[in-house]
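Everything quoted here is computed from the prediction, not taken from an experiment.
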Amino acid sequence: MYDFITDLFNLDKKMIKNISVSSSPTLTQLHISLIPQRIPCPFCHGITHLNGYSKPKVINHPKLTDRKCVIVFKNNRYQCNECLRTFSGPNPFSFTNFKNSYLALNNIMVSLSNLNYTYKMVADANHISVTQVQRYFDSFVNIPRIHLPVSIGIDEIHSKMAKQSDSSYLCDMVDNVNRSLFEILPSRSKKELQHYFERIPEEERKTVRFVTIDMWEPYKDVVHRYLKNAIIAVDPFHVVKHLGDAFTRIRLNILYQLEYGSDSYYLLKSWKDLIEKDVFLDNEPIYNQRFKKKLNKRDLQDMILDISENLALGYRLKVMYKNFNDHGTEENCEAWFQTVLNAFKEADLSEYAEFVALLVHWKKEILNSFQRPFDDRKLSNALSENINGQIKTYLAISNGVTNFTRFRKRCLLSLNKKTFYSINNRLKSDKYTNDKN
C-alpha cells in the first residue's frame, strides 16, 4: 500500500506516519500524517519539539479519474524551546492557504496548454470552479513580448474582442521559420500596428527579412515604415481566391440570363464544380439521365464551356493564372506574370477588371512570393491560416471568449513552444486588465 501511496503523492514512504483511506461512489478521502522532523525555529533558529497537530486540511488532489479525490492532511505543529513560538511543519502537498495540490495545479496548466480544452472542461476534470481555473491561469502565465522573428506572417481573426472603434478583427503574427504564433494584437488597424512596432527597438526591427500578408493595405504601409529591410510577399492563396470569386461572377452572370430548367442552366447549376474546382475529368463515362447517353466529366465540362464565349475565355484565363501560380519560379515569374497580365487586359472582361487592378497594384509583392528562402517553400501565409483555424476552433468551442488579455496568453502558451507557465503562490486576476478597453 505504501508503494501505491508514495506513487500517488510523489512522497518518500519514510516520511509517512499514518495513512487511511475512506471512499464513497463520489469521493475518496486520503487521511495522512507525517513523521515529525527536526525543524529549526523559523523565527530564532532555535531547537524545537513536537507540539500537537494542526486542524486537518482538505486538499483537492485529482489523481483518480472516476471520482473526486482529496487529501485530509493532519500537519504537525512545533514549538521552539527558546522563543516558545509555535508553527506548522512543511506541507508537501500544496502551497500554504491553497486548497488544491501541486498535482492539481500542474494538471490544470497542462490542460490549458491545449486549446481543445475550455476552462469549463478543465474545471470539471479537476473538481474546481471555472473562476478558480482562470485565476490560476492568470497567475501562472506571464508572457512578455517575444523577439521579432526573421520571417513574419500577418493575418487577422474576426472577433468581438477586437477594438470596435477601428476594426472588427484581431491581428495575429506568426514566426514562419519556427512555425509558431508570436503575437496577437487587439486590432488589425494601422494605428494599432504602428503602436506595436514603435515600441520595438530599431535594431531588432532591422533583423526581419520577410513578411507575408494578405492584401490588407495597412499591413503593407506599416511594414514599409517600420521593417525597412523586409521583403513583402502577398499570400498566393488570397490572390487565387480573388480570381476564383471573379470567375464565379462570370458564371453567375451567364446563369441568370438563361431559361430556368434549360440544358445550359442545368449544366451551370449542377456541374459548376467542373469549372470552379480542380476535378479529375477523365473518369469512366457514366450514363447521364438528362442527356440520355454516357458522359465523363470532361465531356460535361466541354458542354459547359460551349455555352458562352465569355465563360470559355474566363476559364482559360483562370487556368493560365493558376498554372503560373503553381509552376512559376523566382527566375521566370516576372516575364510569365507579364504575359498573364497582358492576356487578362486584352480579354477585357468586366468581371475581371477588379482582379486586373489587383495584379497591377500588388505585382511586386506577388512576384516576391516566388522566393524560397526557407525549406524550399514559397513565401505564403499558409502557417497563419493553419494557426487561425486552431484559434477559431477554440473561439467556437469556448462559447464566447471576452477577455482579450487572457485570450492572448492562452493562445501564445498553446501555440508557441518557447512559452511556459510557472506555478507559484502569488495569485492575481486578469479580469479587469483587458487590453481592448
Within this structure, what is the [atom1]-[atom2] distance for the pair [X] and [Y], rounded to the nearest 0.5 Å?
X      : Y      : atom1 : atom2 : answer
Phe280 : Lys297 : CZ    : NZ    : 9.0 Å
Ser189 : Trp216 : OG    : CH2   : 8.5 Å
Ile366 : Asn325 : CD1   : CG    : 9.0 Å
Thr419 : Asn142 : OG1   : CG    : 11.5 Å
Ile387 : Ser414 : CD1   : OG    : 11.0 Å
Asp175 : Asn416 : CG    : CG    : 8.0 Å

Discussion item. I'd like to know if Asp282 and Arg298 make a salt bridge, using a cut-off of under 4.0 Å between side-chain N and carboxylate O.
Written reply: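 A salt bridge is present here (some side-chain N lies under 4.0 Å from a carboxylate O).
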Discussion item. Salt bridge or not between Glu202 and Arg205? Use side-chain N to carboxylate O under 4.0 Å.
Written reply: no
Are more than 12 heavy atoms from other residues, nucleotides or ligands located less than 6.0 Å from atom [atom1] of [X]?
X      : atom1 : result
Asp326 : CG    : yes
Lys220 : NZ    : yes
Tyr260 : OH    : no
Ile47  : CD1   : no
Glu217 : CD    : yes
Glu204 : CD    : yes

Looking at [Y], is its backbone amide N or carbonyl O close enough to the side chain of [X] to form a donor-acceptor pair, meaning the two atoms are under 3.5 Å apart?
X      : Y      : value
Ser159 : Leu170 : no
Lys228 : Arg225 : yes
Asp375 : Arg377 : no
Lys417 : Asn178 : no
Thr207 : Glu203 : no
Asn253 : Arg249 : yes
Asn126 : Ile128 : no
Arg199 : His195 : yes
Asn176 : Leu379 : no
Gln301 : Leu274 : yes

Can you name the ring-ring contact (aromatic ring centres under 6.0 Å, His included) partners of [X], sequence neighbours left out?
X      : result
Phe140 : Tyr136
His158 : Tyr169
Tyr352 : Phe344

Worksheet item: According to the ring pair (Phe, Tyr, Trp, His ring centres under 6.0 Å) rule, which pairs have a member within residues 102-128, sequence neighbours left out?
Response: Phe95-Tyr102
Worksheet item: Considering the options Ser101, Pro92, Ser94, which one meets the side chain to side chain contact (heavy atoms under 4.5 Å, CB included) requirement together with Phe73?
Response: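 Testing each of Ser101, Pro92, Ser94 against Phe73, the sole residue satisfying side chain to side chain contact (heavy atoms under 4.5 Å, CB included) is Pro92.
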Worksheet item: Which residue, Thr96, Ile71, Ile59, forms the side chain to side chain contact (heavy atoms under 4.5 Å, CB included) with Asn91?
Response: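 The residue from Thr96, Ile71, Ile59 that satisfies side chain to side chain contact (heavy atoms under 4.5 Å, CB included) with Asn91 turns out to be Ile59.
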Any side-chain heavy atom of [X] within less than 4.5 Å of one from [Y]?
X      : Y      : result
Leu112 : Val133 : yes
Asn100 : Leu105 : yes
Phe43  : Cys80  : no
Tyr219 : Arg188 : yes
Arg410 : Leu115 : yes
Phe374 : Val150 : yes
Lys409 : Asp430 : yes
Tyr78  : Arg38  : no

Discussion item. Could you check whether Gln134 and Asp138, counting side-chain N and O atoms only, form a donor-acceptor pair closer than 3.5 Å?
Written reply: no
Fill in: Pair Thr212, Asn381: side-chain N/O donor-acceptor within cut-off below 3.5 Å
yes
Practice prompt. Determine the interplanar angle of the Phe404 and Phe407 rings, folded into 0 to 90°, and report it as parallel if under 30°, tilted if 30 to 60°, perpendicular if over 60°.
Written response: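 Plane angle between 30° and 60°, so tilted.
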Fill in: side-chain contact (heavy atoms from CB on, under 4.5 Å) between Gln79 and His49, intermediate numbers included
CA-CA 6 Å; Gln79 184 176 35; His49 63 273; 3.3 Å; yes
Response to the item:
side-chain hydrogen bond (donor to acceptor under 3.5 Å, both in side chains) filter on Asn388, not counting sequence neighbours, yields Asp155
Discussion item. Could you walk me through whether Lys241 and Asp245 satisfy the salt bridge (charged side-chain N to carboxylate O under 4.0 Å, His left out) test, starting with their C-alpha distance in whole Å, then the side-chain angles of each, then the deciding distance to 0.1 Å, before giving a yes or no?
Written reply: CA-CA 6 Å; Lys241 185 178 185 301; Asp245 292 343; 3.5 Å; yes
Item to complete: Locate the shortest heavy-atom distance separating Arg67 from Ser24; write the atom from each residue and the value.
Response: NH1-O, 3.0 Å
Practice prompt. For side-chain contact (heavy atoms from CB on, under 4.5 Å), just list the numbers for Phe210 and Gln371, CA-CA rounded to whole Å, side-chain angles, deciding distance to a tenth of an Å, and then say yes or no.
Written response: CA-CA 10 Å; Phe210 302 96; Gln371 296 187 36; 3.6 Å; yes
Worksheet item: After noting the C-alpha distance and the side-chain angles of Ser23 and Thr28, does the key distance pass the side-chain hydrogen bond (donor to acceptor under 3.5 Å, both in side chains) rule?
Response: CA-CA 4 Å; Ser23 186; Thr28 293; 3.1 Å; yes
Item to complete: For side-chain contact (heavy atoms from CB on, under 4.5 Å), just list the numbers for Arg406 and Val401, CA-CA rounded to whole Å, side-chain angles, deciding distance to a tenth of an Å, and then say yes or no.
Response: CA-CA 9 Å; Arg406 192 175 288 148; Val401 178; over 6 Å; no
Worksheet item: Within 45° of the six-membered ring axis of Tyr266 and under 6.0 Å from that ring's centre, is NZ or CZ of Arg290 located there?
Response: yes
Worksheet item: Among Thr86, Thr48, Asn51, which one satisfies side-chain hydrogen bond (donor to acceptor under 3.5 Å, both in side chains) with Arg77?
Response: Thr86
Worksheet item: What pairs of residues pass the salt bridge (charged side-chain N to carboxylate O under 4.0 Å, His left out) test when at least one of them lies in residues 103-123, not counting sequence neighbours?
Response: Lys120-Asp124
Practice prompt. Kindly determine whether Met215 and His242 satisfy side-chain contact (heavy atoms from CB on, under 4.5 Å), including the steps that lead there.
Written response: CA-CA 10 Å; Met215 286 167 283; His242 278 276; 3.3 Å; yes
